[in-house]
Asks: 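Sharing a structure here in structure tokens format.
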Amino acid sequence: MENNITKNDLNVVISFLKKNPILTQSKKVELFEKKWSKWIGVKYSVFVNSGSSANFITLAAVKNKIGKGNIVVPPLTWPSDIMSVINNNLEPNFADINLKTLSLDADEVIRATNKNTKAVFMTHAQGFNGLNKKLLNFLKKKKIILIEDVCESHGATHKNKKLGSFGLVSNFSFYYAHHLSTIEGGMICTNDKNIYDFCIRFRGHGMLRESKFKDVLKKSKNYKDLNEKFIFLNPGFNFRNNEIGATIGINQLKRLDRNIQLRNNNFKFFLKNLNENIFFKNYDLNGISNYAFPIILKNRSLIYRNKFEEYLDKNKIEFRRGNAGGGNQLRQPYLKNLIKKSKLNKNFPNVEIVHFYGYYIGNYPSLKKSKIKKIVNILNSFK
Ligand SMILES: Cc1ncc(COP(=O)(O)O)c(C=O)c1O
């Protein structure tokens with residue numbers, strides 16, 4: 001991967017700093033939130049200090065809305081998606097992915113759903129679109145909430161509409177190699193006033209005065225024994241970002257569409273040249289915004305796989321096995337004492353394929369075709 005923060009971003013920050021501005025959350029954060037909302041196509045956005053914070057606040061808001069219930073999540077995701085469900089006293093229900101999108105499979109979601117299922121927390125993995133008509137119709141019919149994790153897929157679309165604008169709430173990460181990077185950072189998006197209000201307060205210690213709405217602020221009258229500037233209406237923490245992150249974000253938004261195009265061109269070129277006898281190539285490219293090049297070996301032997309990894313190391317091709325979050329989360333130690341033993345069964349064949357035989361290697365806007373060709377030639381020459 002490559003650092004997405006350019007010299008130009010740094011120069012913009014330097015010019016901003018020369019004005020001796022406020023650096024904690026202020027006007028630039030608000031402006032970035034407005035511009036991001038417009039880019040995604042939602043009413044409200046909340047800029048926070050990471051994608052995992054966005055996950056956690058989102059599940060706190062969903063918990064506040066639904067009370068109890070289970071949430072369908074993929075075992076192939078970032079750990080914070082699952083931890084956010086558990087740490088908000090909700091139950092995860094796992095469902096397998098579709099290899100074509102590396103994201104939750106509609107039929108498997110339907111299979112994993114029961115009468116206590118209140119939401120589906122879709123991770124749009126690696127720039128793929130995890131949504132389709134079947135899934136959206138099912139959720140609508142069953143009145144199940146959709147939450148979208150778009151941390152790896154900024155700008156990906158379903159039916160020409162940006163991901164992150166379909167769910168009740170959606171999350172983005174602006175970490176190092178993501179499509180847009182604010183050093184550290186994340187965004188929560190929604191069209192729902194109550195969810196927005198909850199999230200914006202949760203980000204700021206749960207304080208009433210963080211609200212943007214007069215009808216909410218008026219509630220201070222109900223607490224005559226409290227100073228109206230210090231009413232902690234609901235639990236919360238400090239998940240704020242700052243003016244420097246927002247300044248970088250605003251500047252990067254200007255080149256985001258172009259960067260997405262470059263990343264997609266890179267991926268399509270990579271895939272076109274990849275040998276289909278060795279590697280799975282049947283991805284669904286509709287609406288993609290590629291994050292990294294996914295690779296899945298067709299030969300499912302561990303000896304073969306180990307040799308492949310030695311070969312990559314020898315040829316100095318950096319890789320991550322297991323894709324997002326290192327593969328099957330149900331194999332990770334953090335979950336062992338957190339969920340019922342019966343839920344730890346690893347019977348998700350597609351997730352297991354990616355766990356043992358799936359990889360990603362870096363993609364970034366400045367990656368040259370000649371370098372991609374070189375990488376593909378090395379991959380295709382593996383015997
Ligand atoms: C799908 C997904 N969700 C959440 C996160 C967490 O984001 P962050 O690293 O900004 O906390 C990541 C991290 O890259 C991710 O890939």
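Each ligand, and each atom within it, is numbered from 1 in the order the structure gives. Here the structure is a predicted model, which means the values were calculated and not measured. Residue numbers count from 1 along this sequence.
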Asks: Can you list every protein residue that has a heavy atom under 4.0 Å from any atom of ligand 1, sorted by chain and residue number?
Replies: S50, G51, S52, N55, W78, S80, D81, T123, D149, C151, E152, S173, Y175, H178, G185

Asks: Could you check whether N8 and N251, counting side-chain N and O atoms only, form a donor-acceptor pair closer than 3.5 Å?
Replies: yes

Asks: Using every non-hydrogen atom in the two residues, find where T190 and V42 come nearest and quote the distance to one decimal.
Replies: O-CB, 3.9 Å

Asks: Please identify each residue that fulfils salt bridge (Lys or Arg N to Asp or Glu O under 4.0 Å) with E184, with sequence neighbours left out.
Replies: none

Asks: Check salt bridge (Lys or Arg N to Asp or Glu O under 4.0 Å) between K218 and all other residues, then give those that pass, not counting sequence neighbours.
Replies: none

Asks: For R111, is there an ion pair with D107 - N to carboxylate O distance below 4.0 angstrom?
Replies: no

Asks: Name all residues meeting the salt bridge (Lys or Arg N to Asp or Glu O under 4.0 Å) criterion together with R321; count only those two or more places apart in sequence or in a different chain, and write none if there are none.
Replies: E309

